[in-house]
Each structure stands twice: as C-alpha cells, then as structure tokens.
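Heads up, the thing below is written out as structure tokens.
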Amino acid sequence: MVEETIKTIKETEMQAEAMVKKAEEECAAILEDAKARAESLQAETLAEAKKKAADALAREKEVGESSVQEALAEVEKDIAALKESAGAKESEVISAVISALV
C-alpha cells in the first residue's frame, strides 16, 4: 500500500512536471507570437505614418508651387504696368528736355 502511494505520488509529480514544462513552452510560444505581432504592427504603423507624411509633404509642395506661380504672375503684371507707365512718360520727358533746351 505504501509503495502504491509512493508510486502514485511520483506519477503525479511527473505529470505536474510535464504540465509545467508544457505551460512554459506554451508561454514561450505565446510570447514569441506576441513579439512577432508587435513588430509587424510597429512596421505597419511606421510605414503608414511615413506614407501620410509623404502625402502631406506632396500636398504642401503643390500648394507652395501654386502660390509661387500666382506671385510670379502678379509680379509680371506689375512689371508690364511699370513698363507701360514708363513708356507713356518717356515722350513727356523728351518733350520737357527739348523745351528746356530751346
């Protein structure tokens, strides 16, 4: 009877050790899976953030280029107006110089 009890205790201990070992293996597998998922999620999040930043940069660049084109068009209009004004006053200046010389 004592031998049978000892045998039962040893079998129970062996089963417990096997359960602990299996639990440790499962724990390691779960941790490894979680780590892989976290790395994958981090990579996806980083890629998405980079794409959003690149898209935003492209939009801002387009806005900036559009603003530059508008400013250049306005400057060209101002230059044309100044040339026209200078051309109109040129004949007045020539007449004034001739009148002053005569």
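All heavy atoms count here, side chains included; hydrogens, waters and symmetry mates do not.
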More than 12 heavy atoms of other residues, nucleotides or ligands under 6.0 Å from CD of Glu84: is that the case?
-> no
For the atom pair NZ (Lys77) and CD1 (Ile79), what is the distance rounded to the nearest 0.5 Å?
-> 13.0 Å
Judged by atom type as modelled, is there a donor-acceptor pair below 3.5 Å linking the side chain of Ser99 to the main-chain atoms of Ser95?
-> yes
Rounded to the nearest 0.5 Å, what separation is found between the NZ atom of Lys50 and the OG1 atom of Thr45?
-> 12.5 Å
Ion pair present between Arg59 and Asp55, side-chain N to carboxylate O less than 4.0 angstrom?
-> no
Under 3.5 Å, side chain of Thr8 to main-chain N/O of Glu4, donor-acceptor pair present?
-> yes
Glu17/Lys21 ion pair, N-O < 4.0 Å | no
Enumerate the residue pairs fulfilling salt bridge (Lys or Arg N to Asp or Glu O under 4.0 Å) with a member in residues 29-40, sequence neighbours excluded, ordered by first and then second residue.
-> Asp33-Arg37
Nearest-0.5 Å distance, CD of residue Glu26 to NZ of residue Lys22 | 5.5 Å
Rounded to the nearest 0.5 angstrom, the CG-CG distance for Leu46 and Leu41 is 11.0 Å
Got a second to check how far Lys10's NZ is from Glu3's CD, nearest 0.5 Å?
-> 10.0 Å
From the options Glu44, Lys52, Lys51, select the one residue that forms a side-chain contact (heavy atoms from CB on, under 4.5 Å) with Glu48.
-> Lys52
Counting only heavy atoms not in Glu11, do more than 12 fall under 6.0 Å of its CD?
-> yes
Backbone N/O of Ala81 and side chain of Ser85: donor-acceptor pair under 3.5 Å | no
